[in-house]
Amino acid sequence: MVDRIPVVFVVDDDPSIRESLSLLLSSAGYDMKTFTSAKEFLESKRDISGPACLVLDVKMPGLSGLDLQKELRSRNYAIPIIFITGHGDIPMSVQAMKKGAVDFLSKPFDDGDLLNAVKEALFKDSQTRADFNEQKHIRHRLDSLTKREHEVLTYLITGMLNKQIAYELEISERTVKAHRKQVLDKMGVNSIAELVRLTEKVGVGPADVSF
Amino acid sequence: MKICRPRRNLLAMWLFARALLFVLPSFVFLTPPLLASQQIERKKVLVLFSFRPTLPVAYQWDRGIQSVFEPSTSHKMVVNIEYLDLMHFDDERYIQILLDIFQYKYSKPKPDLIIPVFNSAVALVLKHGPDLFPGVPIVFGGVESKFVENRSLGPNVTGYLTDNNYTGTLDLALNLHPDTRHVAVVAGAGPIGRGWSKACREAFKAYEERVDFTYLIGLPLEALLEKLANLSAHTVVFSLPVLQDGAGKNFIGNESLSQITRVSSAPVYSFRDVNIGTGIVGGYMSSFEEDGKAVAQLGLRILNGEQPEDIPITRAPTFLYMFDWRQLKRWSIAEDKLPQGSIIKFKQLTIWDMYKGRIIGAFAMILLQALIIFYLLHQRRIRRQSEENLLQTEEKYRTVADYTYDWEYWQNPDGSLQYISPSCERICGYPAQDLLTNPSLLQDMIVPEDKAAWDEHRCSVQKDMRSEEIQFRIQKPDGEIRWIEHACQPVFDHKGNNQGIRVSNRDITKRAFYRSETHKLQSELAHMDRVVTISTLTSAMAHEINQPLAAMRSYAQAALRFMDKDHPEYDSARKALQGIVADNKRAAAVVNRLRDLVKKGPTHWETIEINSIINDVIGFINSEVVLRNASITLDLYPIVPVVQGDSVQIQQVLINLLTNALDAVEDQPIEARTLTISTRPENSNGIIVSISDSGGGIPPDTIEAIFSPFHTTKSTGMGLGLSICKSIIEAHGGKIWVENNPDGGAIFSLILPAGSQTV
């Protein structure tokens with residue numbers, strides 16, 4: 001998963017900042033790409049297959065950094081963001097952090113601060129990507145279940161015994177056992193505990209059973 | 001004695017004469033008729049009535065006779081009347097007594113005329129008269145012709161015959177009641193009744209073919225009345241006076257007749273006028289009074305010298321149709337059916353008949369009064385209407401006046417108030433009544449500072465008689481001050497006479513307050529605007545400088561990284577270093593630009609009083625001072641020279657220095673957070689302003705660099721404030737410096753040249 005080279009996007013209207021940051025990041029071995037405005041970033045064709053993060057200036061002509069953050073959220077593009085600002089004020093930074101910014105750095109900042117933030121952001125992004133991939137995988141497996149198996153699954157993750165499930169579904173315990181085996185096999189897990197973990201990740205809830 | 005007697009006679013005569021003197025004039029005066037009658041011949045008349053004096057007939061006769069004799073002027077008439085009552089007493093002895101009495105009473109002198117009335121009396125006089133009063137003429141009356149037919153009358157006898165006319169009344173009754181079939185004839189018992197009824201029966205014989213006659217004669221009264229009460233229809237009653245009934249009971253004629261008429265079921269007629277009023281309808285009447293008159297007139301002729309034998313005995317002609325009006329009504333007999341010349345008695349005149357004139361007058365009066373009342377009511381209504389209109393109008397205008405929001409009044413030329421609106425209390429706090437009673441209260445409430453303006457205004461209005469407006473303040477009873485906008489104009493009536501002045505007082509306190517507030521706010525805003533310039537400037541500057549600074553650090557650190565690599569990347573490091581140089585230049589340009597801005601920025605040169613500027617600044621920064629629990633002590637030199645400069649920039653410098661000072665004392669205990677601002681003149685050509693704080697002072701090693709740009713000891717500072725302050729003060733031709741106070745803290749001082757014009 002980490003086979004792809006991480007990329008750092010820098011959006012700042014100030015050319016000196018873009019230039020100095022690209023030098024600093026490249027000195028740390030990151031691949032990076034700079035944009036002069038939020039608009040340019042939104043309109044660009046970016047390779048998003050690998051982990052990435054965004055270093056974003058708060059104050060820019062046109063769309064501000066915070067506007068861009070909002071826009072990306074609305075596009076479901078969960079790229080981690082590190083804000084940099086000339087004169088950061090607390091309300092603005094709180095707002096940004098609440099919306100999921102990784103860090104908020106005041107210019108001028110030390111290289112260590114930035115590089116740590118970038119590292120964290122990239123890790124977070126790769127994590128997100130891994131989660132996403134796993135979910136995709138789990139969903140794929142869930143889709144392979146028959147309707148009845150899916151139904152049995154929702155009972156299994158409630159922690160009910162086979163006997164109880166059979167009673168609920170008005171089928172034989174034997175049949176429940178057979179379904180159970182199929183579900184565990186298809187989902188690629190060995191225990192109900194594992195199954196519960198997987199289904200939680202994709203938001204499949206237990207059957208609504210009223211005792 | 002002989003001598004005495006004549007003397008006594010003389011005395012008596014003298015006394016008599018004296019008495020005459022007293023009595024005579026009044027005697028002569030009081031009794032002229034007596035004296036006059038002495039020339040008239042005295043005539044004595046003896047009237048002899050056969051009946052009692054109590055009967056109605058006596059009265060009638062008496063009146064008839066007296067009506068002739070009394071007014072006679074030719075003779076003094078002495079009329080003696082004797083009522084012989086021969087109907088009740090007719091025996092020899094009674095007659096003899098009567099004759100003796102007459103002899104005794106009237107023979108000396110004997111009467112000049114004797115008038116006997118009715119059969120018994122006439123018979124008596126004819127028999128005994130010539131013996132008793134020989135030669136005295138006799139004039140009789142009240143006898144029927146048949147009475148004299150069989151008698152020889154003496155030579156000196158004459159008289160009137162009075163025959164009852166029965167048929168006249170019967171004709172009348174039959175005429176008035178054409179459908180009459182029965183006639184009931186009523187008469188009493190006794191010789192008179194019998195005589196009358198006999199005569200009547202004979203007289204009515206001629207009518208027996210036309211109607212039935214029933215004779216109710218000599219019945220006892222009760223029986224008679226019973227019969228009369230039950231008469232058949234179409235009956236009339238012909239009643240003679242019942243003087244005696246069949247039971248031997250005597251009545252006065254009218255007495256019985258009244259009872260008869262009362263019970264009779266048919267109309268009752270009779271033939272003597274004396275009976276009218278008893279309830280009879282009427283009749284063809286003979287009149288005792290008329291008979292009396294006729295006889296008396298006959299007697300008068302004889303007294304005047306005529307001889308009785310020359311006057312033939314004649315019938316009395318006097319018959320009249322007489323009716324009782326009430327009975328006409330009772331029996332529904334129309335008056336127009338009555339014969340001509342009928343006398344209607346007891347006519348109850350209608351109110352109209354009796355009071356026609358008065359009624360017309362009264363109605364006219366009422367009508368007139370009604371008209372007058374109507375007119376007056378109309379007038380009153382008009383007046384009320386106009387009063388009401390007037391009232392409404394007045395009320396309308398009063399409402400207009402009373403509900404004005406402003407305080408309105410009308411002042412008479414003499415200073416008293418004609419009108420004052422109730423709103424005055426709202427504005428000035430005094431009720432309208434207070435001002436009405438004491439108009440001078442108005443000028444008393446004006447605050448002393450504005451009194452002069454008021455007096456001037458009063459004078460000019462009174463002199464020039466034109467409208468004018470002024471504004472002044474009044475003090476309300478509770479001490480509150482109010483601004484009044486006073487507008488007045490003189491009032492003139494239609495003749496052009498001045499009627500005082502009409503005034504509107506408007507409470508403009510709020511307006512004045514807002515105006516002053518607005519003014520204050522505006523100036524504060526302007527002040528704020530200027531004062532925040534430094535912070536805005538530094539903020540903008542921060543961004544401008546921050547960018548190259550940030551870039552420079554990144555470049556530098558990148559360069560270090562490239563250099564520190566196992567295989568240093570010099571090209572990249574060089575590139576980074578070139579970036580540092582470029583951004584360093586960029587930052588320096590920013591600072592230069594800032595300095596230029598302060599130097600050449602738009603300045604407003606004016607004369608500045610530094611002490612007042614300091615006070616302004618204190619006012620502005622005071623809240624901050626309080627917030628930080630610090631205190632500022634002022635040590636201002638009272639008279640300092642003015643300086644020329646931009647007050648706003650000077651304010652900014654002072655604020656900056658004070659803000660720094662406040663930061664400096666932040667770490668001190670609250671009681672030790674003191675700032676002091678002092679001013680003092682310097683060699684008469686400058687002013688030194690010092691701001692000392694009780695903070696930690698300035699480290700000696702940085703004291704030199706403190707005014708340099710980007711030198712800061714504060715974590716959030718840019719290090720530009722003092723640098724700008726320095727620029728400003730130097731632009732004003734002054735100097736700024738700092739030293740540490742030996743007692744602790746720092747002292748920032750600046751000197752501004754007095755009256756400096758420009759840099």
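Naming: A, B, ... by sequence-line order, numbering from 1 per chain. Model, not experiment: these values are computed from the prediction.
- In terms of heavy-atom proximity, A:Ala28 sits nearest to B:Arg561 at CB-NH1, 4.4 Å.
- Surrounding NZ of A:Lys39 are at most 12 heavy atoms belonging to other residues, nucleotides or ligands under 6.0 Å away.
- From B:Leu560, atom CG reaches atom OG of A:Ser27 across 9.5 Å, with rounding to the nearest 0.5 Å.
- Shown here for A:Pro108 and B:Ala550, the closest heavy-atom pair between the two residues is CB-CA, 3.4 Å.
- The contact between A:Leu115 and chain B is made entirely by side chain atoms (from C-beta outward), counting heavy-atom distances below 4.5 Å.
- By the neighbour-count criterion of 12 heavy atoms within 6.0 Å, atom NZ of A:Lys70 is sparsely surrounded, having that number or fewer from other residues, nucleotides or ligands.
- Contacts with chain A were tallied for B:Pro548, B:Ala558, B:Ala576; B:Ala558 has the most, counting heavy-atom pairs under 4.5 Å.
- Checking side-chain atoms of B:Lys575 against main-chain N and O of A:Ser20 turns up no donor-acceptor pair under 3.5 Å.
- The shortest side-chain heavy-atom distance between A:Glu19 and B:Asp583 does not fall under the 4.5 Å cut-off.
- If you take CG on A:Asp111 and OH on B:Tyr555, they are separated by 15.0 Å, rounding to the nearest 0.5 Å.
- Enclosure of atom CZ in A:Arg148 by more than 12 non-hydrogen atoms of other residues, nucleotides or ligands within 6.0 angstrom is indicated.
- The shortest distance between side-chain heavy atoms of B:Phe562 and A:Leu23 falls below 4.5 Å.
- In this structure the side chain of B:Gln547 reaches within 4.5 angstrom of the side chain of A:Asp12, judged on heavy atoms.
- The environment of CZ in A:Phe132 is sparse: at most 12 heavy-atom neighbours from other residues, nucleotides or ligands sit within 6.0 Å.
- The environment of A:Phe109 atom CZ is dense: over 12 non-hydrogen atoms of other residues, nucleotides or ligands sit within 6.0 angstrom.
- Atom CD of residue B:Gln557 and atom CG of residue A:Leu24 lie 6.5 Å apart, to the nearest 0.5 angstrom.
- Nearest heavy-atom pair across B:Arg586 and A:Ser16 is NH1-OG, 3.3 Å.
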Q.
Run the side chain to side chain contact (heavy atoms under 4.5 Å, CB included) test on B:Leu549 and A:Lys107 for me, step by step, so that the C-alpha distance in whole Å, both residues' side-chain angles and the decisive distance to 0.1 Å come before the verdict.
A. CA-CA 8 Å; B:Leu549 281 179; A:Lys107 296 177 194 171; over 6 Å; no

